[in-house]
Amino acid sequence: MLLLLLAPLLAQPNLLEQAKQAREANQLSSSNQLLRRHLATNPGSNEAWWYLGLNAYDADNFPACAEAFGKVFAAEANNGGAAAFLGLCEFRLGQYEKAFSHLALARRAGLVAETELEKVAHFHYLMLLNKIGQFEMAAGLLAEAARSTPEMPFLLEMCGIATLRLSKLPMEIVAAEAEPISLAGRACLLAFQRRPGEAKPPAEELLAKYPKLPNAHYLRGYLALLEQDPKCIDYFAEELTVSPNHIQARLQIAYEWLKRGEAARGLPYAAEAAKLAPKDFTAHNIHGRLLLETEAYAAAASALEQAVVLAPNSPEAHFHLASAYNRLGRKAEAQKHREIFATLDKQRKR
């Protein structure tokens, strides 16, 4: 008798499994109907929302895709796949800040390496770094891509956009920008591939054709720096005539004078950089080091304290701050930061 009572229940179709089968057969409409029926009685089914999101993504229905993966992500904040798909949908909807935030979360949560999702998410993350103005971070990742995946779509354009520090996506390039971005991108790509000699001709062509273009002189200076050409300072100085508030040009000049043992000549550039970019760790760090070299120990300690606040895990900042404290006779504080430096340096070398 019990089996007879259970028979109708046992015969009920598994809507979720049927929905998956319909999806595998590319019957997305049927799959969606089955998933909605399942969600009517199981509204918290993350698996159903996941497949709804996949179906919407495959159909280019990005509002529905974002809604579905938003449900999964809200319930599973460490679900890297959901965060990645949510970010990709938001990208297609033009919600770039949200897209970047979710793609960054996906990177932290972790995606399976070399999968299609990981590759597509990484590609969009790279594009968005330029779009939101994170050019230094973009350059670091583009350098890796130039050596490991030179076939990446839009790689040359992304390198050019990062080099010229333009807050835009490759597909937003207009006709008037195409040539300078291409020249800058070619030079940058070759430099990232450790071919600075080959990078010089496009960089020089860029300068010849667009001498007033912001960052063209900086690019040429960067290539000179790679070849240890002392004229790099001249190129960086020329950049300041075009871009008076260029932070990186100032820091390059300041650091180059530091390396050459002429700290006093670099000090004004570092001081101005720290003033223009009060939240830039590198500016305060270089400023502090130059002040140390010119024996302005109290000012050096102040600058390096700011550097440590901005980058507490930087071994170098703690090392130089310890030096400043030691010069000031603040022995206990100097010892504290020497110990922090030793710990961080050991961790870095593991």
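These values consider heavy atoms only, across backbone and side chains, with no hydrogens, waters or symmetry-generated copies.
Under the 4.5 Å side-chain criterion, counting only non-hydrogen atoms from C-beta, Ser167 is in contact with Phe135. Between Glu295 and Tyr297 there is a side-chain heavy-atom pair separated by less than 4.5 Å. Considering only heavy atoms from C-beta on, Leu103 stays 4.5 Å or farther from Phe85 through its side chain. For the pair Thr163 and Ile181, the minimum side-chain heavy-atom distance is 4.5 Å or more.
A salt bridge does not link Glu293 to Arg289: none of the charged side-chain nitrogens sits closer than 4.0 Å to a carboxylate oxygen. A salt bridge is absent between Arg107 and Glu118; no separation between the charged side-chain nitrogens and carboxylate oxygens falls under 4.0 Å. Ionic pairing of Glu177 and Lys168 is present here: one or more N-O contacts between side-chain nitrogen and carboxylate oxygen are shorter than 4.0 angstrom. Using a cutoff of 4.0 Å between basic side-chain nitrogens and carboxylate oxygens, Lys200 and Glu227 are scored as salt-bridged. Using a 4.0 Å cut-off between charged nitrogen and carboxylate oxygen, Glu316 and Arg348 count as a salt-bridge pair. The pair Lys131-Glu172 counts as a salt bridge, with a side-chain nitrogen and a carboxylate oxygen less than 4.0 angstrom apart. In summary, Lys231 and Asp234 do not engage in a salt bridge, as defined by a charged side-chain N under 4.0 Å from a carboxylate O. With salt bridges taken as basic N to acidic carboxylate O contacts below 4.0 Å, one links Arg165 and Glu136.
Atom CZ in Arg330 sits 8.0 Å away from atom CG in Leu321 (nearest 0.5 Å). In this structure, Leu86 CG and Phe62 CZ are separated by 13.0 Å, a value rounded to the nearest 0.5 Å. The line from OG1 of Thr343 to CG of Asn313 is 11.0 Å long, rounded to the nearest 0.5 Å. With rounding to the nearest 0.5 angstrom, the NZ atom of Lys275 is 11.5 Å from the CD1 atom of Ile247. In this structure, the separation between CE on Met152 and CD on Glu157 is 12.5 Å, given to the nearest 0.5 Å. The CZ atom of Arg147 sits 4.0 Å away from the CZ atom of Arg194 when rounded to the nearest 0.5 Å.
In this pair, Trp50 and Phe69 present their aromatic rings perpendicular. The plane angle is above 60°, beyond the 30 to 60° band. Between Tyr125 and Phe100, the ring planes lie parallel to each other; the angle is under 30°, not in the 30° to 60° tilted range. In this structure, Phe236 and Tyr218 have tilted ring planes: the angle between them lies in the 30° to 60° band.
Other residues, nucleotides and ligands contribute over 12 non-hydrogen atoms within 6.0 Å of the CD atom of Gln347. Counting non-hydrogen atoms of other residues, nucleotides and ligands closer than 6.0 Å to OH of Tyr269 gives a total of 12 or fewer. Applying the 6.0 Å contact sphere to CZ of Arg327 captures no more than 12 heavy atoms from other residues, nucleotides or ligands. Counting heavy-atom neighbours within 6.0 Å of Lys20 NZ, excluding the residue itself, gives a total above 12. Under a cut-off of 6.0 angstrom, the local environment of CZ in Phe341 is crowded, with over 12 non-hydrogen atoms contributed by other residues, nucleotides or ligands. The environment of Lys346 atom NZ is sparse: at most 12 non-hydrogen atoms of other residues, nucleotides or ligands sit within 6.0 angstrom.
Cluster membership check: Val242 does not share its hydrophobic cluster with Leu206, using side-chain heavy-atom separations under 4.5 Å among Ile, Leu, Val, Met, Phe, Trp and Tyr. Clustering ILVMFWY residues whenever any of their side-chain heavy atoms sit less than 4.5 angstrom apart, transitively, puts Phe123 in a cluster other than the one holding Val112.
With Asn14 contributing its side chain and Glu17 its backbone, the two residues share a donor-acceptor pair below 3.5 Å. For the pair Asp229 (side chain) and Leu225 (backbone), a donor-acceptor distance under 3.5 Å is absent. Looking at Asn32, its side chain does come within 3.5 Å of a backbone N or O of Leu28 through a donor-acceptor pair. At distances below 3.5 Å, not a single donor-acceptor pair connects side-chain atoms of Arg186 with backbone N or O atoms of Gly160. Panel note: side chain Asp280, backbone Ala283; a donor-acceptor pair is recorded below 3.5 Å. Formation of a donor-acceptor pair under 3.5 Å by the His287 side chain with backbone atoms of Ala273 is not found in this model. Of the possible polar contacts, one joining the Asn130 side chain to the Met158 backbone as a donor-acceptor pair under 3.5 Å is found. Panel note: side chain Ser182, backbone Ala178; no donor-acceptor pair is recorded below 3.5 Å. With hydrogens and angles ignored, the 3.5 Å screen pairs no side-chain donor or acceptor of Ser45 with any backbone N or O of Asn42.
No hydrogens or angles considered: a donor-acceptor pair under 3.5 Å links the side chains of Ser243 and Glu239. Counting only N and O atoms by type, the side chains of Gln252 and Glu256 include no donor and acceptor under 3.5 Å apart. No side-chain N or O of Arg36 forms a donor-acceptor pair with one of Gln33 less than 3.5 Å apart. Donor-acceptor pairing under 3.5 Å is recorded for the side chains of His246 and Asn215.
Remark: aromatic rings of His217 and Tyr235 are distant, center separation not under 6.0 Å. Separation of the Phe319 and His337 ring centroids does not fall under the 6.0 Å cut-off.
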| Stepwise side chain to side chain contact (heavy atoms under 4.5 Å, CB included) check, Leu166 with Ile173 | CA-CA 10 Å; Leu166 303 172; Ile173 296 171; over 6 Å; no

| Which is it for Leu290 and Trp257 under the side chain to side chain contact (heavy atoms under 4.5 Å, CB included) test, yes or no, and what are the steps along the way? | CA-CA 9 Å; Leu290 286 160; Trp257 285 126; 5.5 Å; no

| task | Kindly determine whether Leu207 and Leu219 satisfy side chain to side chain contact (heavy atoms under 4.5 Å, CB included), including the steps that lead there. | result | CA-CA 9 Å; Leu207 258 186; Leu219 170 61; over 6 Å; no

| task | May I have the step-by-step check of side-chain hydrogen bond (donor to acceptor under 3.5 Å, both in side chains) for Tyr325 and Glu305, ending in yes or no? | result | CA-CA 10 Å; Tyr325 282 153; Glu305 284 165 354; 2.5 Å; yes

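Within the structure, side-chain hydrogen bond (donor to acceptor under 3.5 Å, both in side chains) contacts touching residues 72-97 (residues at least two apart or in different chains) are Asn46-Glu76, Glu76-Asn79, Glu90-His102.
Disulfide criterion (SG-SG under 2.5 Å) for Cys89 and Cys65: met.
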